[in-house]
Novice: 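I have a structure I would like to understand better, so I am pasting it below and will then ask my questions one at a time.
Indexing begins at 1, ligand by ligand and atom by atom, following the structure's order.
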Amino acid sequence: MSNAIVRLQKILALEKKQGYRNKSVIGGLERLGDRWQSDASKQATTQAQMALVSQIVSELKRYPTLETVPERQAMVGNLLAYADQWENAGKQESSGRIDAIQGEKPAEQESPVEQTARPSRPTEASEKIEARPQRVSSPPPHSIQPSRPTPVDAETLNTPVDRLPGVGPGYSTRLEKMGITTIGDLLWLPPRRYVDYNTLKPIYQLQYGEEITILANLWDLKKRKLSGGNRTLVTGVLGDSTATIQATWFNPYIDRQLRVGQTYLFSGKVDSYLGSLVLRNPNWEELDREFIHAGRIVPIYPLTKGISARWMRNLQKQVVENWGRNLHDHLPASVRNRAGLLPLGEALEQVHFPASQDMLKAGRRRLAFDELFLIQIGVLRQRSEWRSYPTQRYSLQENHRQAFEETLPFQFTSAQGRVSEAIGGDLNSGHPMSRLLQGDVGSGKTAVAAYAMWTAVTNGAQAAMMAPTEILAEQHYHGLRNFFEKLRLDERPVQVALLTGSLGSVEKAETLKALAAGEIDIAIGTHALIQEGVEFKNLGLAVIDEQHRFGVRQRASLRQKGAPDSNGSDSDHSGVPHLLVMSATPIPRTLSLTVFGDLDVSVIDEMPPGRQPIKTRWLPPAERERAYKFVRRQVREGHQAFIIYPLVEESEKLDAGAAVPQYEYLKSEIFPKSRLGLLHGRMKGGDKEAVMQAMQLGEIDVLVATSVVEVGIDIPNATVIIIEDAERFGLAQLHQFRGRVGRGEHPSYCILLSGATTPNAAERLRALEQSNDGFALAEKDLQLRGPGDFFGTRQSGLPDLRLAQLSDLRTLEQARAEASRLLEEDPDLAAAEHLALARRTKQFWQGEGDIS
Ligand code: ADP
Ligand code: MG
């Protein structure tokens, strides 16, 4: 018996005798803890004893916080029970020494179900892996790390998983189903969650529902077939010095893995069966090697059919030890130190097999920082790359400025003025502009875009404006053509053309020819603008409207249209075009730093005068008739209305309203005296345009539509919008819908019809009732839905984020600051110590467009 334990037992006996007054040692039991720990640790010879020591110390620390005698009595009882377990925990001393080299243990019997992947014997497969690092002993958490083997190069991350010992064709197919094909995929597969099995308890203290670890002897193990099925139930009796408990497994091979008479750690949740406590399917761990499945913070990985939790954990342990831990760190030490981050290998190790909750946090923070940092390196390099290209300088002559102001039917708000000035400065700076113009719905971005385009065309260049939908492109086309018709370029009219996918082929060929010849000054269109075969004579400015619909990649493509040698035609531009992107969906700062991190940002934070906030009400479907009555009244007063449905046609699967059948019903039954229009995404381009034009001209009173009206459509006379099944839409999208009204000087209304029952949906609808502030709503939306949904699937053009939270503004700003500092020192990441980072950035952004 260790003398530290004997001393502890004596002190505890004294404490008991003195009536639990915490006077048995000077300074109290909590003080004993520190001194005692170092003695006891020296006497510990196994992992299990180490675990006992830390458990005892943490209880000692807690002792003075217990206020009643019974509580203290219970804890002393606990501590004595631990002390009793000391001997047991020291068994298997010969092979269980802390410094024992794991790999030298004889391989254990492996069952077909739970093949362990631990490479205890080098197999043929393992020898094939090149650059396979030497195995090192896996040190327990408290020991000093041995010197590390040569770092693993990042290239080896691409090693296929089937090269791992224990991963045959069957397992690699199953892993592939989970999107895992390489060692790198495994390392960057963070656990879904963790269970903290650090709490070691004597059996007699177990309580129903707790997640615990016990150190127990396997007294008995019985196997029996269950009647009926072909399932086998294995029942074990586990005992320590305080009590026994039953454990059950459905794994028929468990008796090949556990031996009666041996002591193990068992971790699991305490359940009950017929009135007594049981452990169902507990994880277990032998005492003589590093804990993976029990007695620690245990990682819980995503799994698939045919992959057991134990198998996956063993595999990950092997990968982390052999590859992760020794992975070369691509992050320069200077960055790591300033940001207070763990080295990569350690972070990976802690995220998979945390030594403590704090280390887990530190590990996750490092990996999250990494992702954000790599994004920043990518976007900032993109930004400086654009900036380094030659471009044309445009400035607006005074006479042209006057003509513009006289033609505009209103005066710029001061925000519009400020932003236009910034754009004017960009256009005349000698560097290509890359600017994001943000402004809430209706803040007047189009007029600012017109100002920028006017500046370009008065300097002899062409301008292009890309919109996400045909309807919006057409609307811009009509509006801008009307506007520019009134302006003159050297006495000739400004030529504005439309280019969309539904243009007839003859018309399209003519437009393309005129564009290439420079006969068109301003081209407005959809994605058609960035397609193959579209050439500009001298594209000087590209404007992208409603940017949140486009990713990083499309942004680059439009600009590429004007870049040198992109088409090799007879274009006479010199340099790349300026780029202005606009978004009506106010983008939370975290997103504008990432998805739009390559852009400068301007905000129009002021509405044109006379706007009134839109009154928003959420009504249950039962009050639909009230909403219709309200629409009738507005129409009688000469205004127009929108009614939005989530679907085009009725669907068997979704219980949601559809525009087409509802349109018929509304026309005949609800609004027989009004003029109704129908608009949805499956209509032909020309038909859509005709409907929009009729709406604009006031020939339609009530427009029944799907989400195609979401972006940008401008009907100042529309004063009410009803949104059916509103809970089906995201917050940002609902705010966009709502922005279809309230664009003139009349009071406007938004009615959300919804029988929403989930708290999340209710929260969204209530947020809309309470706020007209697009920025606040966007933040909320990001919070409620996450960045993926915020953009729609994969539209952001960002690499997948596994650990980083886009809501973590602090880490993001830190990552941005560090990335920009590093790029200032070494813009091309050409220095020897940055090569690994350059490679990692490329790998990270692979397949994500033009950023590298
Ligand atoms: P968005 O920013 O949503 O694209 P628009 O550019 O479509 O907004 O402008 C919304 C409406 O406000 C349009 O009818 C436009 O003519 C009008 N508008 C824009 N700027 C002003 C202004 N400074 N004063 C008055 N009306 C304006
Ligand atoms: Mg707009």
Side-chain angles (χ1 to χ4, degrees), residues 404-421 423 435-454 465-486 522 524-526 543-550 580-587 601-614 639-640 642 692-693 695-698 708-719 721 732-746 748 750 772-775 777-778:
F404 182 87
E405 279 168 12
E406 280 160 19
T407 309
L408 203 64
F410 44 76
Q411 268 200 326
F412 267 170
T413 61
S414 65
Q416 283 169 316
R418 177 170 42 78
V419 168
S420 305
E421 231 161 79
I423 291 171
R435 189 167 289 275
L436 169 65
L437 175 54
Q438 276 187 263
D440 205 347
V441 184
S443 60
K445 294 182 294 295
T446 318
V448 173
Y451 177 87
M453 294 195 281
W454 178 237
M465 183 165 176
M466 182 159 86
T469 64
E470 295 206 353
I471 294 182
L472 197 56
E474 280 153 15
Q475 180 187 293
H476 278 320
Y477 170 66
H478 291 298
L480 292 167
R481 197 188 50 189
N482 281 343
F483 177 75
F484 282 109
E485 245 169 24
K486 302 176 189 128
I522 295 175
I524 292 165
T526 54
V543 180
I544 306 182
D545 195 21
E546 305 302 345
Q547 164 69 30
H548 66 288
R549 289 289 187 105
F550 295 113
L580 177 67
V581 299
M582 310 198 291
S583 177
T585 302
I587 297 153
V601 180
S602 294
V603 181
I604 304 185
D605 51 5
E606 182 186 355
M607 284 293 182
R611 289 284 164 75
Q612 303 175 23
I614 301 157
H639 298 308
Q640 290 162 285
F642 293 99
M692 275 322 295
Q693 210 155 12
M695 184 75 180
Q696 213 129 30
L697 293 172
V708 288
V709 298
E710 181 194 344
V711 270
I713 289 178
D714 188 27
I715 313 281
N717 188 41
T719 54
I721 182 165
Q733 203 179 5
L734 288 169
H735 181 64
Q736 285 286 330
F737 285 141
R738 178 167 64 178
R740 296 314 105 218
V741 300
R743 297 171 79 84
E745 71 271 32
H746 318 287
S748 295
C750 171
N772 264 292
D773 178 348
F775 265 93
L777 292 172

Novice: Do Glu606 and Ser414 meet the criterion of a side-chain donor-acceptor pair at a distance under 3.5 Å?
Specialist: yes
Novice: Using a strict 4.0 Å cut-off to heavy atoms of Ser443, name the atoms of ligand 1 that fall inside it.
Specialist: 2 (O), 8 (O)
Novice: Geometry only, no angles: is Gly442 polar-contacting ligand 1 at N/O separations under 3.5 Å?
Specialist: yes
Novice: Would you mind finding which of Gln411, Met607, Arg743, Arg740 brings a heavy atom closest to atom 7 (O) of ligand 1?
Specialist: Arg743
Novice: Looking at Thr446, which atoms of ligand 1 are within less than 4.0 Å of one of its heavy atoms?
Specialist: 4 (O), 5 (P), 6 (O), 7 (O)
Novice: Run down the list Lys445, Gln736, His476 and name the one with the heavy atom closest to atom 2 (O) of ligand 1.
Specialist: Lys445
Novice: Return a yes/no value for Pro609: is any of its N or O atoms, backbone included, closer than 3.5 angstrom to an N or O of ligand 1?
Specialist: no
Novice: Between Asp440 and Lys445, is the closest basic N to carboxylate O distance under 4.0 Å?
Specialist: no
Novice: Locate the shortest heavy-atom distance separating Ala452 from Ile423; write the atom from each residue and the value.
Specialist: CB-CG2, 3.8 Å
Novice: What are the atoms of ligand 1, with element, lying closer than 4.0 Å to any heavy atom of Thr413?
Specialist: 23 (N)
Novice: Answer with yes or no after comparing the ring centroid distance for Phe483 and Phe404 against a 6.0 Å cut-off, counting only values under it.
Specialist: yes
Novice: Shortest non-hydrogen contact from Gln416 to Ser443?
Specialist: NE2-O, 3.7 Å
